[in-house]
Amino acid sequence: MASNDLKMSIKEIRDKIDINSESWKYIKETNCYAYALGLDIPCDLINDHAYEPGTISNTNKFYEDELWHLNYNRFMYCLYSDLYNLGIEFKEVAPTTKIECNEWKIALYTEFLSYPGETILDFHFLRESKEGLWYHKIGWEDGPTNIDINNKIITNLDNCFLGDYEYQKCLCLKLKKE
């Protein structure tokens with residue numbers, strides 16, 4: 001299989017999006033990006049690198065070029081391309097923006113290798129629950145949590161501490177009607 005081949009169709013992937021699930025089944029097979037998108041399916045069922053923005057849309061091959069040499073604008077292009085390909089409408093909003101019942105919010109944090117806006121060292125996503133708490137899945141090991149590094153419940157992104165990660169933006173997502 002070529003590195004950019006998907007084992008599932010975009011429609012099959014899209015049909016698996018579930019942001020209302022109360023539990024997360026595939027802890028070690030998903031990351032924060034999968035959690036933000038509501039895709040509780042093992043990465044390798046899609047592509048070994050499916051949960052690296054740009055893989056689903058085939059706009060970037062982080063695993064070949066190494067994500068850690070990607071600038072912020074290119075990263076955002078890859079993220080937006082994935083959302084577009086999955087049929088997810090998106091718009092930038094304030095973290096406190098009220099949303100409709102068929103929408104959800106995600107927050108993007110990045111860690112920069114160089115100056116902010118330049119080379120990304122890593123990324124991290126959070127997703128807001130219906131109750132207004134922010135949850136995130138730390139890497140490939142732990143399940144979703146609403147606790148930051150300081151053991152504080154994440155209710156406000158302004159007070160959320162995630163180490164070297166800096167808040168970048170909040171997006172409102174909505175599945176387009178088919």
Side-chain angles (χ1 to χ4, degrees), residues 13 16-46 48-56 62-63 67-68 70 72 75-76 78-80 82-83 86 88 90-114 116-117 119-175:
I13 298 168
K16 297 284 187 187
I17 293 173
D18 181 0
I19 56 161
N20 297 311
S21 176
E22 294 291 324
S23 63
W24 199 256
K25 183 176 178 183
Y26 296 104
I27 303 294
K28 295 186 183 287
E29 294 89 3
T30 57
N31 66 1
C32 64
Y33 187 47
Y35 184 75
L37 295 178
L39 287 170
D40 189 9
I41 53 177
C43 181
D44 64 356
L45 291 182
I46 300 172
D48 289 343
H49 305 282
Y51 297 136
E52 297 172 24
T55 300
I56 291 173
F62 297 130
Y63 40 89
L67 165 64
W68 328 135
L70 188 67
Y72 179 77
F75 177 86
M76 293 309 299
C78 293
L79 170 63
Y80 292 158
D82 279 0
L83 297 175
L86 288 168
I88 299 174
F90 57 92
K91 61 185 173 189
E92 190 170 339
V93 296
T96 55
T97 299
K98 301 290 184 211
I99 59 173
E100 301 296 321
C101 63
N102 60 344
E103 298 174 325
W104 73 101
K105 287 188 281 187
I106 64 172
L108 169 64
Y109 284 72
T110 59
E111 181 180 0
F112 289 103
L113 180 62
S114 57
T119 305
I120 292 177
L121 179 62
D122 201 3
F123 63 88
H124 193 63
F125 288 95
L126 288 81
R127 184 176 84 203
E128 187 182 40
S129 70
K130 297 293 182 193
E131 296 77 33
L133 299 176
W134 288 89
Y135 284 79
H136 59 127
K137 185 175 180 313
I138 301 170
W140 297 87
E141 294 300 317
D142 299 318
T145 181
N146 64 353
I147 305 294
D148 71 6
I149 288 177
N150 291 331
N151 282 329
K152 305 275 188 203
I153 294 175
I154 307 169
T155 58
N156 180 331
L157 296 179
D158 290 332
N159 300 327
C160 175
F161 181 66
L162 298 175
D164 292 333
Y165 292 90
E166 298 174 23
Y167 171 76
Q168 297 302 319
K169 62 179 60 191
C170 181
L171 298 173
C172 174
L173 307 181
K174 177 182 176 181
L175 285 173

A.B. asks: Looking only at heavy atoms, what is the nearest atom pair of P53 and C78, with distance?
C.D. replies: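 What the structure gives for the nearest pair is O-CB, 3.6 Å.
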A.B. asks: State whether the number of non-hydrogen atoms from other residues, nucleotides or ligands found under 6.0 Å of K169 atom NZ is greater than 12.
C.D. replies: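 Atom NZ in K169 is crowded, with more than 12 foreign heavy atoms closer than 6.0 Å.
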A.B. asks: If only atom types and distance count, is the side chain of K137 paired as donor or acceptor with the main-chain N or O of G139 below 3.5 Å?
C.D. replies: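 Present.
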A.B. asks: Taking atom CE of M76 and atom CD of Q168, what is their separation to the nearest 0.5 Å?
C.D. replies: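 So the CE of M76 and the CD of Q168 are separated by 8.5 Å.
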A.B. asks: Determine yes or no for a side-chain-to-main-chain donor-acceptor pair under 3.5 angstrom, with K105 supplying the side chain and T97 the backbone.
C.D. replies: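 Indeed, once roles are kept as given, a pair shorter than 3.5 Å links the two residues.
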A.B. asks: Does D148 use its side chain to pair, donor to acceptor, with the backbone of C160 at less than 3.5 Å?
C.D. replies: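 Absent.
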A.B. asks: Which atom names give the shortest non-hydrogen contact between S21 and D18, and what distance separates them?
C.D. replies: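 For S21 and D18, the tightest heavy-atom pair comes out as N-OD1, 3.3 Å.
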A.B. asks: Keeping D82 on the side-chain end and G54 on the backbone end, is there a donor-acceptor pair under 3.5 Å?
C.D. replies: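 A pair under 3.5 Å: yes.
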A.B. asks: What ring pair (Phe, Tyr, Trp, His ring centres under 6.0 Å) pairs are there with at least one residue in residues 129-157, not counting sequence neighbours?
C.D. replies: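 Sorted pair list: H124-H136.
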A.B. asks: Measuring only between side-chain heavy atoms, which start at C-beta, is T145 closer than 4.5 Å to I154?
C.D. replies: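 No, their side chains stay 4.5 Å or more apart.
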A.B. asks: For the CZ atom of F125 and the CG atom of N31, what is their distance to the nearest 0.5 Å?
C.D. replies: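 Answer rounded to 0.5 Å: 9.0 Å.
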A.B. asks: Donor-acceptor pair, K130 side chain versus C101 backbone, under 3.5 Å?
C.D. replies: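 Looks like yes, one N/O pair under 3.5 Å.
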A.B. asks: Check whether T55 reaches the backbone of H49 with its side chain - one donor and one acceptor, N or O, closer than 3.5 Å.
C.D. replies: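 It does hold such a pair.
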A.B. asks: How long is the gap from NZ on K174 to CD1 on I88, to the nearest 0.5 Å?
C.D. replies: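 Those atoms lie 13.0 Å apart.
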A.B. asks: Evaluate the ring planes of F123 and F75, with Trp represented by its six-membered ring, and classify them as parallel (under 30°), tilted (30 to 60°) or perpendicular (over 60°).
C.D. replies: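 Tilted: the ring planes of F123 and F75 meet at 30° to 60°.
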A.B. asks: Within a 6.0 Å radius of atom CG on D164, are there more than 12 heavy atoms belonging to other residues, nucleotides or ligands?
C.D. replies: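 No, the 6.0 Å shell around CG holds no more than 12 heavy atoms from other groups.
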A.B. asks: Check whether any side-chain heavy atom of I41 lies under 4.5 Å from a side-chain heavy atom of I46, and answer yes or no.
C.D. replies: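 Heavy-atom side-chain distance check passes, below 4.5 Å.
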A.B. asks: Taking atom CG of D48 and atom SG of C43, what is their separation to the nearest 0.5 Å?
C.D. replies: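 The distance works out to 6.5 Å.
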A.B. asks: Indicate yes or no: at least one non-hydrogen side-chain atom of I149 is less than 4.5 angstrom from one of Y165.
C.D. replies: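 Not in contact.
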A.B. asks: Taking the side chain as everything from C-beta on, heavy atoms only, tell me whether L86 gets closer than 4.5 Å to I13.
C.D. replies: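 Touching, per the 4.5 Å side-chain cut-off.
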A.B. asks: State which residue, out of E92, E100, K91, fulfils the side chain to side chain contact (heavy atoms under 4.5 Å, CB included) condition with C172.
C.D. replies: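 So, applying the side chain to side chain contact (heavy atoms under 4.5 Å, CB included) to C172 and each of E92, E100, K91, only K91 qualifies.
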A.B. asks: Rounded to the nearest 0.5 Å, how far apart are CG of D122 and CD of E111?
C.D. replies: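 Those atoms lie 6.0 Å apart.
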A.B. asks: Quick one, L173 and I19 - any side-chain contact, counting heavy atoms below 4.5 Å?
C.D. replies: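 In short, these two side chains do not touch, never coming nearer than 4.5 Å.
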A.B. asks: Name all residues meeting the ring pair (Phe, Tyr, Trp, His ring centres under 6.0 Å) criterion together with F90; count only those two or more places apart in sequence or in a different chain, and write none if there are none.
C.D. replies: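 Scan of F90 (ring pair (Phe, Tyr, Trp, His ring centres under 6.0 Å), adjacent residues dropped) gives Y80.
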A.B. asks: Taking side-chain hydrogen bond (donor to acceptor under 3.5 Å, both in side chains) as the test, write out the residues that go with E103, two or more places apart.
C.D. replies: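 Expected list: none.
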A.B. asks: What residues form a ring pair (Phe, Tyr, Trp, His ring centres under 6.0 Å) with Y26, not counting sequence neighbours?
C.D. replies: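 Applying ring pair (Phe, Tyr, Trp, His ring centres under 6.0 Å) to Y26 gives none.
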A.B. asks: Could you pull out all residues at least two apart from E131 that satisfy side-chain hydrogen bond (donor to acceptor under 3.5 Å, both in side chains)?
C.D. replies: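 Checked E131 against side-chain hydrogen bond (donor to acceptor under 3.5 Å, both in side chains); matches are S129.
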A.B. asks: Please confirm whether the backbone N or O of W104 pairs with a side-chain atom of R127, one donor and one acceptor, at under 3.5 Å?
C.D. replies: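 Here the side-chain-to-backbone pair does not exist.
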A.B. asks: Please report the interatomic distance CD1(I27) to CG(D40), rounded to the nearest 0.5 Å.
C.D. replies: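 So the gap between those two atoms works out to 7.5 Å.
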A.B. asks: Could you work out, with side chain to side chain contact (heavy atoms under 4.5 Å, CB included) as the rule, every residue matching T96, not counting sequence neighbours?
C.D. replies: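 Applying side chain to side chain contact (heavy atoms under 4.5 Å, CB included) to T96 gives A94.
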A.B. asks: Counting only heavy atoms not in I153 (residues, nucleotides, ligands), do more than 12 fall under 6.0 Å from its CD1?
C.D. replies: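 Not more than 12 within 6.0 Å, no.
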A.B. asks: Measuring centre to centre across the rings, with the benzene-like ring taken for any Trp, is Y33 within less than 6.0 Å of Y51?
C.D. replies: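 Y33 vs Y51: aromatic centres not under 6.0 Å.
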